Amino acid sequence: MKKYLKITPEGTKDFLFAECSAMDDICGKVEDVFVTRGFKRVITPGIEFYDIFSLPCCGIAQETMFKTTDNKGRLVVVRPDSTLPIARMVATRLKNGTLPVKLYYKQAVYRNNPTLTGRRNENMQMGVELVGAGGKRADLEILTTAVDCISSVADDFRFELGHAEVFDSLSQELNIDEDYKEKIRISIEGKNYSALNNLLDKLEPCNAVNAIRSLPSLFGGEEVFEKASKICEGTKAVEALEYLHSLYNDLVPLGLGDKLIIDLGLVQRNDYYTGMVFTGYINGIGDAVISGGRYDNLLSEFDAPMCAAGFAVDTDAITIKRLIDDNVDYSDNPDVLVYSADGHEIEAIKKVAELNAQGKKAQFSVLDTLEKTQKYADERGIAEVMVIE
């Protein structure tokens, strides 16, 4: 049998040196935002029962999960998502606690991507969940926290805002089943106008059909609301549009300018979203680096109905982008490499501590000759070798 001793499984990788420094930098900045905003860290198990992710609202295909069995033969999965395990935790361990509760996480998630199409199977993910609070104040807390996160790691970004009830309200007026609704949703999400038109042309013409046909093109600034109000007139989507417009007006004073975008074609993959939804993009990264929204029905699946909202941050994608930026240096080289003659090792180690206390990066050479130390410094690009003798 072939032994796989020198490679990692498909979709995974080792992180070295500058990669780890960049990841620590990105995660540290995001974590600072979370802590400053009052979110408390939680960690959920890396292995969960499959039942949690088989809920109708989960939105994660079972073929993308890594599955095995425990010692009692029960089906378990390696954590493919963090929101559902946190919902389970809140519904059990925090059910009788004081609400609302503000939680954040920093942990890897695992998805089996057979084609891999640029995506890895293991991804570090950070995010927040605000549980037990609904309404505009809670939505603004989540939205402004997300804006703070993306602006802490990038200057050139855009923040897209939508509302799940716009599409849901319109689709409820159509005589279609859930499978057909999902096909329409996927076409809107991918802005596939041809597929969308083919699906809608098979339905009886009405205001809802016309409005859904226009959703992918309702993208831009405040002018979108005027267009959408006319298109959705007479439907239940109008109420969602009015609420979304009020959120937009509240965010304008943040000074985001054209970075704040309304996208009514934003129809999230997970069916549990019930209100505002949003994504954040950084220039140079194709996929969204932040995504989230309100999911008030999810906790009911765990017999603990309560309002909730949150978002996740793809820190891996941001790290990769940061590493290729020319103006960012994650070198871990010291300024000074301190070498000691025989018998002076402790003196050299004390000198390293003294230099570091002065703000100068120093390291102790573990090599046994000055020649080896100098060669090592030259190969690493360390500017100065200090000799203690």
Side-chain angles (χ1 to χ4, degrees), residues 5-9 11-36 41 104 106-108 118-126 148-157 282-287 289-290 313-389:
L5 300 177
K6 297 185 177 182
I7 61 173
T8 64
T12 66
K13 64 167 290 184
D14 298 315
F15 287 85
L16 300 174
F17 314 138
E19 293 174 316
C20 293
S21 296
M23 181 178 293
D24 289 343
D25 179 31
I26 296 300
C27 291
K29 289 177 178 177
V30 172
E31 191 163 23
D32 284 345
V33 172
F34 293 165
V35 173
T36 301
R41 188 178 180 186
Y104 84 88
K106 175 187 175 184
Q107 55 194 28
R119 292 184 172 90
R120 296 194 299 111
N121 288 342
E122 179 186 42
N123 286 280
M124 177 58 68
Q125 193 178 81
M126 298 182 70
D148 285 351
C149 279
I150 198 168
S151 60
S152 73
V153 296
D155 296 320
D156 192 359
F157 66 88
I282 291 175
N283 187 34
I285 303 177
D287 293 329
V289 296
I290 286 183
V313 185
D314 186 349
T315 54
D316 278 1
I318 303 172
T319 298
I320 293 169
K321 172 65 168 56
R322 181 60 64 89
L323 283 168
I324 62 176
D325 286 345
D326 294 334
N327 61 338
V328 181
D329 180 20
Y330 285 107
S331 171
D332 58 353
N333 277 350
D335 301 316
V336 183
L337 188 61
V338 180
Y339 169 77
S340 73
D342 291 345
H344 296 273
E345 292 84 1
I346 294 301
E347 293 175 49
I349 290 173
K350 287 182 177 179
K351 188 63 178 179
V352 169
E354 178 186 329
L355 292 170
N356 284 326
Q358 295 171 358
K360 198 168 187 178
K361 290 193 298 183
Q363 290 180 10
F364 173 66
S365 172
V366 297
L367 299 171
D368 58 2
T369 68
L370 179 58
E371 290 74 16
K372 291 178 182 178
T373 298
Q374 189 63 60
K375 181 182 178 182
Y376 175 82
D378 292 342
E379 291 177 352
R380 287 283 303 274
I382 301 171
E384 181 183 352
V385 174
M386 179 181 290
V387 179
I388 305 297
E389 58 183 356

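Count residues from 1 along the sequence. Being a predicted model, the structure only gives us computed values, none of them experimental.
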Just by distance, do the side chain of [X] and the backbone of [Y] share a donor-acceptor pair under 3.5 Å?
X      : Y      : result
Thr315 : Met124 : yes
Asn333 : Arg380 : yes
Asn356 : Val352 : yes

* To do: Only counting residues at least two apart or in another chain, list the ones meeting salt bridge (Lys or Arg N to Asp or Glu O under 4.0 Å) with Arg41.
  =>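 Once residues adjacent in sequence are excluded, Arg41 has no partner under the salt bridge (Lys or Arg N to Asp or Glu O under 4.0 Å) criterion.
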Which pair of non-hydrogen atoms, one from [X] and one from [Y], has the smallest distance, and what is that distance?
X      : Y      : answer
His344 : Ile388 : CB-O, 3.9 Å
Ala317 : Ile285 : O-CD1, 3.5 Å
Cys149 : Val30  : SG-CG1, 4.0 Å
Ala18  : Leu323 : O-CD2, 3.7 Å
Gly284 : Lys321 : CA-CE, 3.9 Å
Leu367 : Tyr339 : O-CE1, 3.6 Å

* Asked: So which pairs with a foot in residues 341-351 pass salt bridge (Lys or Arg N to Asp or Glu O under 4.0 Å), sequence neighbours left out?
  ->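 Those involving residues 341-351 are Lys351-Glu354.
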With a 4.5 Å cut-off on side-chain heavy atoms, are [Y] and [X] touching?
X      : Y      : result
Val33  : Lys29  : no
Val153 : Ile282 : yes
Asp32  : Ser152 : no
Met126 : Phe34  : yes
Val387 : Thr373 : no
Leu355 : Val338 : yes
Gln374 : Thr369 : no

How many angstroms lie between atom [atom1] of [X] and atom [atom2] of [Y], to the nearest 0.5 angstrom?
X      : Y      : atom1 : atom2 : answer
Asp156 : Ser151 : CG    : OG    : 13.0 Å
Ile26  : Asp24  : CD1   : CG    : 10.5 Å
Asp14  : Glu19  : CG    : CD    : 9.0 Å
Asp25  : Thr319 : CG    : OG1   : 8.5 Å
Thr8   : Glu122 : OG1   : CD    : 9.0 Å
Lys360 : Met386 : NZ    : CE    : 6.5 Å

* **Cation-pi geometry met for Lys13 and Phe15 (6.0 Å, 45°)** =>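 Yes, Lys13 lies over the aromatic ring of Phe15.
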* Might you confirm whether atom NZ of Lys375 has over 12 heavy atoms from other residues, nucleotides or ligands at distances under 6.0 Å? =>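 No.
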* Asked: Can you tell me if CG on Asp155 sees more than 12 non-hydrogen neighbours from other groups inside 6.0 Å?
  ->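 12 or below, so no.
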* What residues, two or more places apart in sequence or in another chain, satisfy side chain to side chain contact (heavy atoms under 4.5 Å, CB included) together with Ile320? ->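 Ile320: no side chain to side chain contact (heavy atoms under 4.5 Å, CB included) contacts found.
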